[in-house]
Amino acid sequence: MTQRSSGLRPQWIFLIPLLVLFLTAFSQMAHAERKAAIVVGNGEYEFAPLSNPKNDSKLIAATLTELGFDVLLFYDVKKAAVGDLENAIRSHLIGADLAILYYAGHALQHEGRSLLLPVDVRTGSAKEVIDDAIALNDLIDIVKNDPVGVKLIILDACRNNPLTTEKGLEQGLANMEAGAGQVLIAFATGAGEVAYDGTGANSPYSLALANALQQPGLDIYDTFRTVRGDVRLATNGSQIPWITGSIETKFVLKPAGSEKPAPVVAGGDGALTIDQVLWYFIQDSADPTDFERFAKAFPNSTLAAEAVKRSSLEVAELQQRGLFVSGALAATPISTEPPPSNEANAAAGAEFVFQQAGERAVSETFRIWPRKMPDTQSGMKSLVTDCDLYAADPNDPQRVVPGVTNGLVNIRDGLRSCGYALAADPNNPRLQFQLARVLEIAKRYDWAEHFYQLAATQQYSAALVNLGYMARAGIGREVDYKRALDFYMQAAPLGNLRARTNVGTAYIRGQGVPQNPEEGILWYRLAASSGWSNAITALGDSFRRGIGVKKDDVEATRLYAAAADAGQIDAMTNLGRAYVGGLGVEKDVKRGFDLMIRATEMGNQYAPLYAARILVKGEGKVRPDANRALSLLELSARRGFEDAYLELAKGYAAGSFARGKPDLRKAYFNATLATRFKVEEAERTKTSVGEKLDAASREEIEKDVELFVQQNGL
């Protein structure tokens with residue numbers, strides 16, 4: 001017996017280290033963080049095609065892949081393929097530590113139910129639409145009871161939909177909660193409202209989402225707070241994203257510590273190079289053509305060899321990560337194991353296969369093509385680069401295309417386009433400025449300053465203005481009004497109207513220079529004489545308040561009218577207030593109200609509040625309308641005018657919105673929000689309303705406020 005045991009002992013001793021290694025590896029695998037995503041882009045609708053969902057889904061899929069997600073990308077899902085989509089959700093998202101379902105396309109609501117539309121939905125009647133639609137609740141039910149991880153349902157799905165003329169069908173999506181589990185639902189816009197498909201290659205929401213996902217150190221709530229702000233700015237407040245649900249786990253989508261070492265800007269010696277900047281942003285790319293292009297553009301870079309290596313390995317790595325795409329981009333699958341139900345998908349016209357090997361398939365999967373250059377003279381076409389299409393600033397007087405507002409800049413593709421354009425023309429100040437602009441939007445402020453400085457040394461006025469703004473606002477540095485004024489004073493003689501207006505503001509406020517309102521007025525007049533509507537509005541404000549000039553309501557109103565005619569929405573709002581109050585013009589409440597509504601429709605955040613005040617009691621030829629007043633105040637608050645929360649609190653306390661019946665809970669809720677934003681008189685209103693509530697109710701409401709602030713990025 002002893003002899004037999006001693007004979008086996010050496011074998012066990014040999015196996016123990018292997019067993020330990022196996023158990024260690026298994027333990028690491030078991031606890032490894034798994035991130036999975038399903039991205040759906042539906043655009044090829046017969047009844048109302050959408051141009052951007054395919055681009056939006058490409059952008060989100062590429063961004064998530066670079067963040068380490070296993071991504072399944074579906075295009076143009078038909079009715080017959082809905083079951084396969086649901087199966088993919090079950091097999092791919094369940095059990096993931098962080099799971100994302102993103103949908104871009106048409107959607108609507110029926111009796112409080114949100115419905116996503118397959119591309120071949122029948123449109124003969126409301127019943128056909130409802131029967132063919134994908135009930136959002138059915139998709140949420142698949143994941144909501146998963147005991148593992150956090151689930152995000154992201155819906156860029158409220159595009160304007162002609163089917164809502166059918167009885168019983170309503171535009172937008174219904175406000176809803178998952179009801180169980182750690183599920184957060186993110187809407188591109190508020191319940192029942194319309195999200196924009198966008199005039200460029202992507203919707204405002206998908207751009208904002210992709211840009212926010214790339215920012216390091218943001219948790220889930222921070223990400224959607226950033227998205228909310230960017231979409232609000234990009235749409236002039238016309239679209240306000242929303243989220244519902246609650247999660248307990250703090251999940252950082254791109255941990256700050258996970259970033260690769262970044263190149264360092266050495267003080268003014270030009271040490272930062274374009275290849276370093278580009279490599280930092282493409283090094284986690286899922287597109288092998290990124291590395292092929294890099295190696296060709298920078299053959300002498302110390303990173304060129306690594307780029308060549310990565311371009312040949314990336315396709316195999318993608319296969320291992322399980323990325324696949326659908327439809328026309330498919331050729332021969334890499335994998336010998338096709339995805340489940342491939343035959344059914346093919347029959348439905350939505351074939352799903354693994355990501356293709358080969359340059360063309362992968363390139364077309366991930367590249368988001370910019371808007372086509374409009375037909376112009378060949379000379380202009382020769383000036384325009386992809387960098388201009390992605391990153392030209394509408395306020396740059398030397399731009400060569402109309403430009404893209406900040407909230408609509410595609411950081412991922414803009415950086416690539418501007419980096420490669422500048423590599424081909426390294427001393428072009430316009431391209432230096434545009435690369436700097438994208439870097440600033442990406443919050444790489446030190447690198448942005450570097451390239452702004454390169455353009456500024458060539459007297460590129462927009463670069464000087466942006467350097468001044470960064471100094472004045474404390475972006476990437478301490479606030480420095482003197483530095484800001486120095487840059488503005490360099491740009492002003494170059495004819496830059498923004499610079500001239502900002503110099504005027506510096507003199508009026510005494511920022512970086514002794515206060516001298518009269519000198520500031522001269523600068524305003526100089527910019528206004530060239531038709532700069534912001535300067536005209538600033539002059540109007542000066543006459544209304546009597547700053548630097550004698551108070552003159554007539555002149556203020558004349559200036560507001562001139563700026564409003566040019567589309568300046570703050571001037572439009574102020575002109576409306578002048579008519580309502582009879583300031584410098586014959587009183588005409590109806591005309592003033594109409595101007596405020598027009599400014600509201602154009603995205604102004606202040607106009608809805610002033611219009612609501614008129615509607616509460618009615619005035620002139622404007623009849624009272626409590627419901628509309630409430631909607632306008634809520635809109636003003638969503639657009640970021642915090643005074644609207646105080647107005648809501650007072651209205652609820654007085655019973656203005658419910659047939660004379662006060663609602664003290666809602667009054668206290670909004671007063672508490674107003675105090676958070678330090679709105680004048682908010683604390684007094686909160687105290688007054690709070691005295692009529694018991695302590696338990698106040699505590700409960702304040703917890704609701706905290707949750708509201710967290711969920712909605714306030």
Side-chain angles (χ1 to χ4, degrees), residues 189-190 192-194 196 231-240 533-545 551-652 654 656-657 670 674 677 679-681:
T189 192
E193 296 181 4
V194 174
Y196 295 95
V231 172
R232 179 172 61 81
L233 292 174
T235 62
N236 287 323
S238 298
Q239 180 177 331
I240 310 293
S533 61
N534 288 353
I536 298 170
T537 303
L539 264 181
D541 291 340
S542 299
F543 277 101
R544 177 168 61 88
R545 295 168 180 163
K551 180 177 170 60
D552 187 336
D553 288 332
V554 173
E555 180 64 6
T557 300
R558 185 189 71 79
L559 289 164
Y560 287 146
D565 286 343
Q568 221 285 351
I569 56 178
D570 285 342
M572 199 176 296
T573 301
N574 288 340
L575 181 62
R577 295 180 69 190
Y579 274 107
V580 169
L583 300 173
V585 67
E586 185 177 349
K587 185 172 182 175
D588 188 336
V589 175
K590 181 65 168 61
R591 184 172 182 179
F593 176 80
D594 289 343
L595 282 164
M596 292 174 185
I597 294 301
R598 183 181 167 201
T600 297
E601 291 170 349
M602 294 175 68
N604 190 268
Q605 61 181 336
Y606 312 111
L609 182 146
Y610 300 125
R613 285 178 175 172
I614 297 171
L615 286 168
V616 168
K617 295 182 179 179
E619 187 177 350
K621 296 180 181 180
V622 180
R623 293 182 178 180
D625 188 335
N627 290 333
R628 191 180 184 191
L630 176 59
S631 296
L632 286 169
L633 287 173
E634 290 174 340
L635 177 62
S636 183
R638 289 200 303 274
R639 289 180 176 178
F641 189 27
E642 291 90 356
D643 285 24
Y645 290 114
L646 178 60
E647 203 80 11
L648 283 164
K650 291 179 177 179
Y652 277 119
S656 300
F657 309 130
N670 283 284
F677 297 114
V679 176
E680 190 175 351
E681 295 186 15

| Looking only at atom types and distance, does a side-chain atom of Ser636 sit under 3.5 Å from a main-chain N or O of Gln605, one as donor and one as acceptor? | yes
| request: Enter the distance from Ile240:CD1 to Thr235:OG1 here, rounded to the nearest 0.5 Å. | output: 6.0 Å
| Heavy-atom distance under 4.5 Å between the side chains of Asn534 and Asp570, does that happen here? | no
| request: Run the salt-bridge test on Glu601 and Arg598 with the 4.0 Å N-O cut-off and return the result as yes or no. | output: no
| task | Give a yes or no on whether a salt bridge exists between Lys590 and Asp594, defined as a side-chain N under 4.0 angstrom from a carboxylate O. | result | yes
| query | Taking the side chain as C-beta and beyond, is there a heavy-atom pair between Arg577 and Leu583 under 4.5 Å? | reply | no
| request: Just jot down the ring-ring contact (aromatic ring centres under 6.0 Å, His included) partners of Phe593, sequence neighbours excluded, or say none. | output: none
| message | Regarding Glu586 and Arg591, does a basic nitrogen lie under 4.0 Å from an acidic carboxylate oxygen? | response | no
| task | Write down the atom of Pro608, the atom of Thr600, and the distance for their closest heavy-atom approach. | result | N-OG1, 3.3 Å
| said: Could you measure the distance from the CG atom of Leu630 to the CG atom of Leu635? Nearest 0.5 Å is fine. | reply: 11.0 Å
| query | Which pair of non-hydrogen atoms, one from Ala571 and one from Thr537, has the smallest distance, and what is that distance? | reply | CB-OG1, 3.5 Å
| said: Quick one, Tyr579 with Leu595, criterion side chain to side chain contact (heavy atoms under 4.5 Å, CB included). Give me CA distance, side-chain angles, the key distance, then yes/no. | reply: CA-CA 9 Å; Tyr579 274 107; Leu595 282 164; 3.8 Å; yes
| query | More than 12 foreign heavy atoms under 6.0 Å from NZ of Lys551: is that the case here? | reply | yes
| Between atom CD of Glu681 and atom CG of Asp643, what is the distance when rounded to the nearest 0.5 Å? | 10.0 Å
| Shortest non-hydrogen contact between Phe543 and Leu559, atoms and distance | CD1-CD1, 3.6 Å
| task | Measure the spacing between CG of Leu632 and CE of Met596 and express it to the nearest 0.5 Å. | result | 11.0 Å
| Quick one: are Ile536 and Gln568 in side-chain contact, heavy atoms under 4.5 Å? | no
| Would Tyr606 and Ile569 satisfy side chain to side chain contact (heavy atoms under 4.5 Å, CB included), going step by step from the backbone distance to the final call? | CA-CA 10 Å; Tyr606 312 111; Ile569 56 178; over 6 Å; no
| said: Return the CG to CG distance between Leu646 and Asn670, rounded to the nearest 0.5 Å. | reply: 9.5 Å
| task | Carefully, step by step, assess Leu233 and Arg639 under the rule side chain to side chain contact (heavy atoms under 4.5 Å, CB included). | result | CA-CA 9 Å; Leu233 292 174; Arg639 289 180 176 178; over 6 Å; no
| message | What I want to find out is whether Glu619 reaches Lys587 closely enough, with some N-O distance under 4.0 Å, to be called a salt bridge. | response | yes
| request: Go through the structure and list residues passing side chain to side chain donor-acceptor pair (under 3.5 Å) with Thr573, not counting sequence neighbours. | output: Asn604
| message | To check you understand the geometry: which heavy-atom pair defines the closest contact between Ala599 and Ala607, and what is its length? | response | CB-CB, 3.8 Å
| request: Name the orientation class of the two ring planes belonging to Phe677 and Tyr645 (parallel below 30°, tilted from 30 to 60°, perpendicular beyond 60°). | output: parallel
| field | Side-chain ion pair, Arg623 and Asp625, N-O less than 4.0 Å | value | no
| field | Evaluation steps, salt bridge (Lys or Arg N to Asp or Glu O under 4.0 Å), between Glu555 and Arg558 | value | CA-CA 5 Å; Glu555 180 64 6; Arg558 185 189 71 79; 2.6 Å; yes
| Shortest non-hydrogen contact from Ala629 toward Leu615 | CB-CB, 3.8 Å
| query | Under 4.5 Å between any side-chain heavy atoms of Val580 and Ile614, yes or no? | reply | yes
| Does the Ser533 side chain pair with the main chain of Ala564, one donor and one acceptor, at a distance under 3.5 Å? | no
| message | Within the 3.5 Å criterion, strictly below it, is a donor on Arg544 or Tyr560 matched to an acceptor on the partner's side chain? | response | yes
| Does any non-hydrogen side-chain atom of Asp565 lie less than 4.5 Å from one of Met572? | no
| OG1/Thr189 to CD/Gln239 distance, rounded to the nearest 0.5 angstrom? | 5.0 Å
